[in-house]
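What follows is one structure encoded as structure tokens, with my remarks underneath.
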Protein chains: 2
Amino acid sequence: MTSTNLDISVDCVVFGFDGQEVKVLVIEQRPQVGVSKTQLALPGDLVRVDENLDDAAQRILKELTNLNGLYLHQFKAFGDINRVSDFKDQEWLRAFRTNPEARVVTVAYYSLIPLEKYKPQASSFAGHVEWRSIDSIPDLAFDHNKIIHEGLNALKRDLDAVDLVFELLPEKFTLTQLQTVYEQILDKELDKRNFRKKIKSLGRLKALDEKEKDVDHKPAQLYSTKS
Amino acid sequence: MTSTNLDISVDCVVFGFDGQEVKVLVIEQRPQVGVSKTQLALPGDLVRVDENLDDAAQRILKELTNLNGLYLHQFKAFGDINRVSDFKDQEWLRAFRTNPEARVVTVAYYSLIPLEKYKPQASSFAGHVEWRSIDSIPDLAFDHNKIIHEGLNALKRDLDAVDLVFELLPEKFTLTQLQTVYEQILDKELDKRNFRKKIKSLGRLKALDEKEKDVDHKPAQLYSTKS
DNA sequence: TCAAAAGTGTTGCATCTACACCCATGG
DNA sequence: CCATGGGTGTAGATGCAACACTTTTGA
């Protein structure tokens, strides 16, 4: 095995919806003696030399957060020379990478999940995992803030693709929840009546024989996706 | 300098329009003694370790085809393990690469140019350059047919972005030429009157005091883009 | 009975589609 | 005068935006 001066990684922007808010999953970079303080980062790691990019993304997400079998949508490669050479990142790299000086090109993926269905758990390689609302993302390691920003742009662009949005929603959901997802991703308010007309005209929804429970107002009709 | 087992390359899908047809630029892989036959391929090469991806794409395109300063739109990374290990490709790699066994992840870009304005010229690293109509692409090296296919999809998706399509057109063009570009990229016929209405409503066109010349039918009005 | 969110229709406007004939030019 | 592509308008359908009140429930 020879050493390398260029590495490929993948980073995953996992969007989650808890019924109220769209959030992004960040992890605490694994801490270690000699590293002064931990940072938050996207789940990501180096791609193995004998591993497809898509497989690497699946593996790494599983290893770091225990999330398995998500749909991962590749959206962009980030390869600026200095994307990992910021002072704040070098200490960590020296502690954990065989070639901390290596340039790293990363291929970024986004994914959508309902929080109630998936429970990410930090592996031993990550301090902990944390959901952060998309409008209060803290400072992250490397260029991960930029990656999230571009991931959101890609998601906005792709949102009309049928069934993409349903990846975020739980099995049973209300129309208000669906609208909330759209509003938060597109970052603008939508008209309730117009929204419902449009959604229903897609013919992808099935009204269930069931209503919301334990709310202190009129309970909403629950829906699931058809077929 | 240590040897590496993983390389990054860029590949460029250059779309060109000659007034009639949308074409893709392919080059002949540089031939050499001991390599039985040449193949056609996209212009592409390894990224230097100290070079941004976007810069590498510019440099490589310049080096191989003498095309300079194009807008390059990154659209996807291709990283299947075996994307360069096909039998037809190995001979060439052994002749030209320091690490012919290395895995290569490529970042793909597309670009649009009017043929009349840019004259690509094969460098010594390329046998020759060739424009191929997008519906008769020959078998290319590596996974380059797939890359073109996905590049076209990205272009379809992006085509509505203002000014993208104008990158393909010469300074002066007719509305029929503009429509032809749309039809070929979207791969469907458009209605002439509806198309013209839509285009004119964009307000991006300026009618020139000039008409087509040397055609054996009614000469068309020439337009350029506004401002 | 109050608060809070659910649910529901209409109208005007803009946009899209389908469609057919005359015009200007060169050969 | 013929062949070729250039150029033009209308009507119907569809889709989008704006807009406010009543209902159901739990507290």
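Nothing here was measured: the structure is a model prediction, and the numbers come from that model. Each chain gets a letter, A, B and so on, in the order the sequences are listed, and its residues count up from 1. Quick note: numbers below take in every heavy atom, side chains included, and nothing from hydrogens, waters or symmetry partners.
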Item to check | Side-chain donor-acceptor contact under 3.5 Å, B:Asn68 with B:Tyr118 | outcome: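 B:Tyr118 and B:Asn68 do not have a side-chain donor-acceptor pair below 3.5 Å.
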Checklist entry - Is it true that the side chains of A:Ser133 and A:Glu21 contain a donor and an acceptor less than 3.5 Å apart? => result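 A donor-acceptor contact under 3.5 Å links the two side chains.
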Rounded distance in Å - [atom1] ([X]) to [atom2] ([N]):
| X | N | atom1 | atom2 | result |
| --- | --- | --- | --- | --- |
| B:Asp216 | D:dG5 | CG | P | 7 Å |
| B:Tyr182 | C:dC16 | OH | P | 12 Å |
| B:Glu189 | C:dA18 | CD | P | 12 Å |
| B:Leu190 | C:dA18 | CG | P | 11 Å |
| B:Lys188 | C:dC16 | NZ | C1' | 12 Å |
| A:Lys213 | D:dA27 | NZ | P | 15 Å |

Checklist entry - Could you write nucleotides 5-12 of chain C as a row of B, S and -, 5' to 3', where a protein heavy atom under 4.0 Å of any base atom gives B, of only sugar-phosphate atoms gives S, and otherwise -? => result SBBBBB--
Checklist entry - Checking salt bridge (charged side-chain N to carboxylate O under 4.0 Å, His left out) against B:Lys172, which of B:Glu210, B:Glu212, B:Glu116 comes through? => result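 Only one of B:Glu210, B:Glu212, B:Glu116 forms a salt bridge (charged side-chain N to carboxylate O under 4.0 Å, His left out) with B:Lys172, namely B:Glu210.
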Is there a side-chain contact between [X] and [Y] in this structure, where contact means two heavy atoms from C-beta onward sitting under 4.5 Å apart?
| X | Y | result |
| --- | --- | --- |
| A:Val129 | A:Asn66 | no |
| B:His144 | B:Val26 | no |
| A:Val10 | A:Leu61 | no |

